[in-house]
Amino acid sequence: MGEGLSGPAGTIHSMAEGYDVQEIEKKWQARWREMGAYQVENDDPRPHFYCLCMYPYPSGPAHMGHVRNYTFGDLIVRHRTMQGHAVLSPIGFDSFGLPAENAAIKNRTHPRPFTDARIGELKASLERLGSMYDWRREVKSHDPGYMRWTQWIFLRLWENDLAFRGNAPVNWCPGCQTVLANEQVLADGTCERSGDMVTKRELEQWFFRITAYADQLLDDLDGLDWPERVKTMQRNWIGRSEGAEFELPVVGREGVAIPVFTTRPDTSFGMTYVVLSPEHPLVPELTTDDRRAEVEAFVAHVAQESEIERLSTDTALSKRGVFTGSYAINPFNRQEVPIYLADYVLMGYGTGAIMAVPGEDQRDWDFAKAYDLPIVETVQRPAGWDGEAYTGDGRSINSEWLNGLYKAEAIERAIEWLEEQGIGRRTVNYRLRDWLLSRQRYWGCPIPVVYCPEHGAVGVPDDQLPVSLPDDVEFRPTGESPLRFHEGFLNTTCPTCGGPATRETDTMDTFVDSSWYFLRFCDPWNGEAPFDPGAVEQWMAVDQYIGGIEHAILHLMYARFFTKALADLGVAPKDLREPFARLFTQGMIRMGGSKMSKSKGNLVAPSKYFETVGADALRLFHLFVGPPADDVDWSEQSDEVIEGCRKFLQRVWRLAVGDPAGEPTMDGDQLRRATHRLIARVSDDYDRWSYNTAVAACMEFSNLLRHGWGDRDAYDFAVDSLLLVMAPMVPHVTAELWERRHPGEHIHEQPWPVADPQLAAAETVTMVVQVNGKVRDRIEVDAGVEAAAMERMARESAKVQAALEGRDPRKVITVPPKLVNIVA
RNA sequence: GCCCGGAUGUUGGAAUCGGUAGACAAGAUGGUCUCAAACACCAUUGCCCGAGAGGGCGUGCGGGUUCGAGUCCCGCUCCGGGCACCA
């Protein structure tokens, strides 16, 4: 080993013994870097194709998940390029975020050098993997040239009422005296740093009005070529529900009414009580004096509960509610019903108040039982029904003018009645909430807003962007943002009046950065705008987006929202309604049942394989181990399979440069046909993301070749074709072999081979003969065999006759040319 | 609780439209080469019966449709994931 590159004329036998993986991989990586391979211009005349892997958070050298992700991406980039496309393959780094800040706090350093070092490590790994990008287009979230436009976009959204300030409960750690991000709150509701129980506090926060796009975000899912699973998750997250909103007058209080939302107005006659959220603004007014002490104690208790406690279903229902002392009037039947509070009614959904129909809602039924409230059935149960609340369809009962109607019709009728009476209307509610983007952290993009005592919140003028993060900051062990104590940053002047003002010290959620980076890649050098709509039109939408399933909801939803909003604001092309036309979500790498991750300490570093078997073998393993969408279980077997991949590549090397000895198993014509079949198979497998079977096809084909050649031309065609179809999977070894076989040529600049369908079709087929569905014989037949001939051959088979035992066939089914089934 | 996936040899997986179940690998066993080992190569490898020829069984479980089911339908079990008091 090692002499492989020493001399182009080196003896074929020494080369045939194997090749030096390290030397070849480094050689080609340097070559690709020098030639600027896969740099692409916006006006490239070839058909455009935009392939994008989700830009990574720079956590250091690549982990196995990265390797898997970027192996798929690189395969597509190289394959599409060989097919004649101009492929945009950009990459960047999602470089803001908590881990860098936590590391800075711990190591008493600054997140910027820390992050830059991690980016350097990750870049080196990607290059070592042989993954190709147009590095000129690199985008980093923390780059001032990128932050400027992130802030610019924020201001445009704010101007158009798509960003706003509002009160929101935030996670507050009493020990650290600071707000925490959701990720910093552990599963048991405590602070990850201090261990104190985290509580909720109301604070002024910034939001993006994503709910304005709820309908579009839901409807446009239908046109996307995405995994059904991801679309379903987004649909559930948006959680559209249709129903009615109407007002319940309060007994003895003129002009006071409680609005409620329901999806089942048809069951309104069964309303036997009303429940409000403890945070509901009407609570003080509705509480009677004799109930006040108990109600206030209950409200106070709920307020200090953590989210986890509040959502826990463990607490007995009898402790989760309280009677206010007031009554509301059910407008449907004029009956008075008691008004309760309960912690499970959420202020953030619907109107924060519900009509309770225990007959047709299980939760209401449980609550009614706990508080001894009446239950009235308003839907006819089917015969034999012995459950509690009934949510199925049936005729309305006990409902006056609704009686006899089925569910759908009764809902319609009830809504019409509410509208006629002028007390209610048809409405749609969404589970989706507006996107809270404020983060009380340092290492993120500053929100470009100034607070003036005179003019309130004022946007920083465009020509003063970006608002940068000061470097001379001191990180406090508590995790409090140093921006809040940095006088130079904090104190500024009002852009409107020039008077003294203070800056917003919150930074943006890092999901803001990742919501438009794919647009910036189209025009990363633009200094006048985040991007030119014309440049975006050249490439968008992304033709193939690749990433982990963990981003199925948040990132993908936010990026869709940004794309729609920017198009509507005229920043992006108007007709760009969706950012990612096709999405592929790869499986996770697991080890011992759980996701491979740094925090679990079960990482297997790719560098170990780069240094031994090389990038090609590791790439081949990831392609071969199973379907790309499936999770990979890393086990002892993985190392053995990787070693098998390495051996396979060594065999390919010997086939391509050596002199295979032995008796060939087929003649030249047969080999040519087999080669066309290989091309057809691999091309089809690539198109349907079946890389594991594409690798298997290549292995099978190389097993045919290992015996040697009968016809040198056919053999050379076979080897060249094998190298071409493998070039996107294992770029280094195929590039080296191609150059040796075709001096001066570069395999990745060759056109993708196309199979001749005539030659790819099999000449002979194994015809299976069954008797009563059981295989009794196999006969080699011409591929164009006719049904009559098949039946004749089947009947003549000695094995078939033995199986028939003299019986006469009742029926014969022939499926030319593959199968005959004789039914006797 | 609701909504999605999934279950195939010892293991990872294949079977694309209802038509040869187990491709391709990994592992194991035996062999060739070697002083020996490694490498490489060859053979065997779902289970059961049988010396063999051959036969029977077999894709989580129970039914069904069909000439024919891993694949379609009905009912379960287990595993994984998402959402989870959403009115």
Side-chain angles (χ1 to χ4, degrees), chain A residues 1 17-18 227-237 239-241 243 260-264 275 277 310-313 317 320 342-346 348-357 361-364 366-367 429-433 549-550 552-553 588 590 593 621 624-627 629-633 635-645 647-648 650-651 654 661-662 681 684-685 687-688 690 692-703 706 765-775 777-778 799 802 809-815 818-824:
Chain A
M1 303 261 283
E17 277 163 21
E228 213 41 59
R229 178 160 75 120
V230 174
K231 293 207 256 184
T232 304
M233 280 160 71
Q234 294 221 344
R235 286 192 188 103
N236 292 342
W237 186 263
R240 180 189 157 97
S241 46
V260 294
F261 171 74
T262 179
T263 54
R264 293 294 304 277
V275 190
S277 164
R310 176 155 177 185
L311 295 184
S312 160
T313 47
L317 262 178
R320 303 186 60 190
D343 64 353
Y344 68 79
V345 175
L346 308 173
Y349 185 81
T351 60
I354 59 164
M355 68 167 196
V357 183
D361 183 288
Q362 187 60 41
R363 202 183 32 235
D364 293 346
D366 293 337
F367 193 86
N429 251 293
Y430 298 92
R431 213 192 68 100
L432 182 71
R433 301 298 157 77
I549 186 77
E550 66 272 20
I553 298 176
M588 286 187 308
R590 301 164 162 281
F621 165 80
F624 184 54
V625 70
D630 288 7
D631 288 349
V632 177
D633 268 305
S635 64
E636 305 86 65
Q637 195 183 269
S638 303
D639 274 346
E640 285 156 354
V641 176
I642 291 170
E643 180 57 19
C645 289
K647 287 180 185 173
F648 168 64
Q650 293 286 349
R651 269 204 302 279
R654 288 195 301 272
R681 262 178 85 178
D684 181 47
D685 285 349
D687 289 344
R688 61 190 184 96
S690 185
N692 52 333
T693 54
V695 176
C698 293
M699 288 174 165
E700 216 177 321
F701 187 71
S702 83
N703 287 341
R706 67 206 295 170
V765 200
T766 306
M767 179 180 90
V768 172
V769 185
Q770 299 179 332
V771 175
N772 292 329
K774 285 190 173 158
V775 179
D777 203 359
R778 293 182 175 91
K799 287 173 183 170
R810 281 191 289 119
K811 193 172 172 185
V812 179
I813 287 123
T814 50
V815 185
K818 282 157 71 178
L819 181 122
V820 177
N821 189 10
I822 299 173
V823 186

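Basis for what follows: all heavy atoms, side chains included, without hydrogens, waters or symmetry-related copies. Order of the sequence lines sets the chain letters (A, B, ...), proteins ahead of strands, with each chain counted from 1.
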Peer 1: Can you tell me how far P of B:rA25 sits from CZ of A:Arg651, to the nearest Å?
Peer 2: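 After rounding, the reported distance stands at 7 Å.
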
Peer 1: In whole Å, what separates the P atom of B:rG54 from that of B:rA37?
Peer 2: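 Comparing P positions in B:rG54 and B:rA37 gives a spacing of 37 Å.
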
Peer 1: What nucleotide among B:rG81, B:rC24, B:rA26 has an atom nearest to a side-chain atom of A:Val641?
Peer 2: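 My answer, after comparing the listed nucleotides, is B:rA26.
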
Peer 1: Counting Watson-Crick and G-U wobble pairs only, both distances under 3.5 Å, name the nucleotide matched with B:rA14, or none.
Peer 2: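 Its partner is none (no Watson-Crick or G-U wobble pair with both distances under 3.5 Å).
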
Peer 1: Taking the P atom in each of B:rA26 and B:rG13, what is the distance between them to the nearest angstrom?
Peer 2: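 The answer is 16 Å between these two P atoms.
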
Peer 1: Would A:Val820 and A:Thr814 count as a side chain to side chain contact (heavy atoms under 4.5 Å, CB included) if you check the C-alpha gap in whole Å, the side-chain angles of each, and the deciding distance to 0.1 Å?
Peer 2: CA-CA 4 Å; A:Val820 177; A:Thr814 50; 3.9 Å; yes

Peer 1: Protein within reach of the bases, or only the backbone? For nucleotides 11-18 of chain B, mark each nucleotide 5' to 3' as B, S or -, using heavy atoms under 4.0 Å.
Peer 2: BBSSSB--

Peer 1: Is the side chain of A:Asn772 donor-acceptor paired with the backbone N or O of A:Ala824 at a distance under 3.5 Å, no angle test?
Peer 2: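 Checking the backbone N and O of A:Ala824 against the side chain of A:Asn772, a donor-acceptor pair under 3.5 Å is found.
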
Peer 1: Can a side chain N or O of A:Lys231 be found less than 4.0 Å away from OP1 or OP2 on B:rG82?
Peer 2: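 Answer no for this pair, as no side-chain N or O of A:Lys231 is under 4.0 Å from OP1 or OP2.
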
Peer 1: Quick check: does any side chain N or O of A:Asn429 sit under 3.5 Å from a backbone N or O of A:Ser241, one acting as donor and the other as acceptor?
Peer 2: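 Not confirmed, A:Asn429 side chain does not pair with A:Ser241 backbone.
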
Peer 1: Take atom CZ of A:Arg431 and atom P of B:rC83, then tell me their distance rounded to the nearest Å.
Peer 2: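 A:Arg431 atom CZ is separated from B:rC83 atom P by 8 Å.
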
Peer 1: Please state the P separation for the pair B:rA25 and B:rA14 - nearest whole angstrom.
Peer 2: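 Here B:rA25 and B:rA14 have their P atoms 15 Å from each other.
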
Peer 1: Let me spell it out: for each of A:Trp237 and A:Gly773, pick the nucleotide of RNA chain B with the closest heavy atom. Which residue's pick is nearer the 5' end?
Peer 2: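 So the residue in question is A:Gly773.
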
Peer 1: Closest approach to the side chain of A:Arg654, judged atom by atom: which nucleotide of B:rA87, B:rA40, B:rU20 is it?
Peer 2: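 Between B:rA87, B:rA40, B:rU20, the one nearest the side chain of A:Arg654 would be B:rA40.
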
Peer 1: Does B:rA23 pair with anything, Watson-Crick or G-U wobble, both distances under 3.5 Å, and if so, with which nucleotide?
Peer 2: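 Partner of B:rA23: none found under 3.5 Å.
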
Peer 1: Counting only side-chain N and O atoms of A:Arg706, is one of them less than 4.0 Å from OP1 or OP2 of B:rA40?
Peer 2: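 Answer no for this pair, as no side-chain N or O of A:Arg706 is under 4.0 Å from OP1 or OP2.
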
Peer 1: Report the distance from atom CG of A:Asp343 to atom P of B:rA87, rounded to the nearest whole Å.
Peer 2: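 Answer to the nearest Å: 17 Å.
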
Peer 1: With syn defined as a glycosidic angle within 90° of 0 and anti as everything else, classify B:rC17.
Peer 2: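 It is syn.
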
Peer 1: Rounding to an integer number of angstrom, what distance separates B:rU65 and B:rG75 when you compare their C1' atoms?
Peer 2: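 Each nucleotide's C1' atom is 15 Å from the other's.
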
Peer 1: Grab the CD-P distance between A:Gln650 and B:rA40 for me, whole Å please.
Peer 2: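 Taking atom P of B:rA40 as the reference, CD of A:Gln650 is at 9 Å.
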
Peer 1: In this structure, how many angstroms lie between the P atom of B:rA26 and the CD1 atom of A:Ile642, rounded?
Peer 2: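 The distance from CD1 of A:Ile642 to P of B:rA26 comes to 13 Å, rounded to the nearest Å.
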
Peer 1: Under a 3.5 Å distance rule, please check whether A:Ser277 uses its side chain to pair with a backbone N or O of A:Val345 as donor and acceptor.
Peer 2: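 Yes, because the side chain of A:Ser277 sits within donor-acceptor range (under 3.5 Å) of the backbone of A:Val345.
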
Peer 1: Using Watson-Crick or G-U wobble geometry with both distances below 3.5 Å, tell me the partner of B:rA37, or none.
Peer 2: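 Per the H-bond distance test, none.
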
Peer 1: How far apart are the closest heavy atoms of A:Pro627 and A:Asn692, and which atoms are they?
Peer 2: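 So the minimum-distance heavy-atom pair works out to N-ND2, 3.6 Å.
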
Peer 1: In whole angstrom, give me the gap between the P atoms of B:rA23 and B:rG30.
Peer 2: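 To the nearest whole Å, 23 Å.
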
Peer 1: When rounded to the nearest Å, what value does the distance between P atoms of B:rA84 and B:rC79 take?
Peer 2: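 My reading of the P atoms in B:rA84 and B:rC79 gives 23 Å.
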
Peer 1: Could you measure the distance from the CG atom of A:Leu819 to the CE atom of A:Met767? Nearest 0.5 Å is fine.
Peer 2: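 Separation between the atoms: 8.5 Å.
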
Peer 1: Under a 4.0 Å N-O cut-off, is there an ion pair linking A:Asp684 with A:Arg688?
Peer 2: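 A:Arg688 and A:Asp684: salt-bridged.
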
Peer 1: Distance check: side-chain N/O of A:Lys818 vs OP1/OP2 of B:rU20, anything under 4.0 Å?
Peer 2: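 Checking A:Lys818 against B:rU20: no side-chain N or O falls below 4.0 Å of OP1 or OP2.
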
Peer 1: Quickly work out the A:Lys774 NZ to B:rA69 C1' distance and round it to whole Å.
Peer 2: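 Taking NZ of A:Lys774 and C1' of B:rA69, I get 15 Å after rounding.
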
Peer 1: Could you pull out all residues at least two apart from A:Thr262 that satisfy side-chain hydrogen bond (donor to acceptor under 3.5 Å, both in side chains)?
Peer 2: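 With neighbours one apart ignored, the set is empty.
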
Peer 1: What's the CD-P distance between A:Glu636 and B:rU10, to the nearest Å?
Peer 2: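 Checked: the CD to P distance equals 18 Å.
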
Peer 1: Considering Watson-Crick and G-U wobble pairs with both distances under 3.5 Å, what does B:rA51 pair with?
Peer 2: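 None - no nucleotide pairs with B:rA51, as no candidate has both distances under 3.5 Å.
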
Peer 1: Does A:Lys811 place a side-chain N or O at less than 4.0 Å from the phosphate oxygens OP1/OP2 of B:rC67?
Peer 2: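 For B:rC67, OP1 or OP2 has a side-chain N or O of A:Lys811 closer than 4.0 Å.
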
Peer 1: Under 4.0 Å, heavy atoms only, any strand: does A:Gln362 hit a base, just the sugar-phosphate, or nothing?
Peer 2: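 Here A:Gln362 touches no strand at all.
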
Peer 1: Within the side chain of A:Arg590, is there an N or O that forms a donor-acceptor pair under 3.5 Å with the backbone of A:Asp633?
Peer 2: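 The answer is no, because no donor-acceptor pair under 3.5 Å joins these two groups.
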
Peer 1: Between B:rA87, B:rG19, B:rA26, which nucleotide has the shortest distance from any of its atoms to the side chain of A:Leu346?
Peer 2: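 Looking only at side-chain atoms, A:Leu346 lies closest to B:rA87.
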
Peer 1: Both distances under 3.5 Å, Watson-Crick or G-U wobble: report the partner of B:rC57, or none.
Peer 2: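 When the pairing criteria are applied, B:rG46 turns out to be the nucleotide that pairs with B:rC57.
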
Peer 1: Contact class for A:Gly644 vs. all strands (heavy atom < 4.0 Å): base, sugar-phosphate, or nothing?
Peer 2: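 Sugar-phosphate only.
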
Peer 1: What does A:Thr351 touch in the nucleic acid at a heavy-atom separation under 4.0 angstrom: a base, only the sugar-phosphate, or nothing?
Peer 2: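 Touches nothing.
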
Peer 1: Which nucleotide in the set B:rA87, B:rG19, B:rC3 lies at the smallest distance from any side-chain heavy atom of A:Leu819?
Peer 2: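 Minimum distance to the A:Leu819 side chain belongs to B:rG19.
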
Peer 1: Quote, to the nearest angstrom, the C1' distance that separates B:rU59 from B:rC72.
Peer 2: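 Going atom to atom, C1' in each nucleotide, I get 16 Å.
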
Peer 1: Please classify the nucleic acid contact of A:Val345 as base, sugar-phosphate, or nothing, using heavy-atom distances under 4.0 Å.
Peer 2: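 Since a base atom lies under 4.0 Å of A:Val345, the category is base.
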
Peer 1: If B:rC72 has a Watson-Crick or G-U wobble mate with both distances under 3.5 Å, name it; if not, just say none.
Peer 2: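 Its partner is B:rG64.
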
Peer 1: For B:rG50, is chi within 90° of 0 (syn) or not (anti)?
Peer 2: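 Base orientation relative to the sugar is anti.
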
Peer 1: I'd like the P distance from B:rG6 over to B:rG60, given in whole Å.
Peer 2: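 To the nearest whole Å, 13 Å.
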
Peer 1: Find which nucleotide of RNA chain B each of A:Asp364 and A:Thr766 is nearest to by heavy atoms, and output the residue with the more 5' nucleotide.
Peer 2: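 Between the two, 5'-proximity favours A:Thr766.
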
Peer 1: Are the side chain of A:Asp685 and the backbone N or O of A:Ala694 linked by a donor-acceptor pair below 3.5 Å?
Peer 2: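 Checked: pair present.
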
Peer 1: Looking at A:Glu640 and A:Lys647, is there a salt bridge between them, counting it only when a charged N and a carboxylate O are closer than 4.0 Å?
Peer 2: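 Answer for the salt bridge query: no.
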
Peer 1: Paired with B:rC2: which nucleotide, if any, by Watson-Crick or G-U wobble criteria at under 3.5 Å for both distances?
Peer 2: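 Checking every strand shown, B:rC2 finds its partner in B:rG82, with both distances under 3.5 Å.
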
Peer 1: Counting only distance, no hydrogens or angles, is the base of B:rC83 paired donor-acceptor with the side chain of A:Asn236 under 3.5 Å?
Peer 2: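 Counting by modelled atom types and ignoring angles, no donor-acceptor contact under 3.5 Å is found here.
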
Peer 1: Between atom CG in A:Asn821 and atom C1' in B:rU66, what is the gap in whole Å?
Peer 2: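 Checked: the CG to C1' distance equals 11 Å.
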
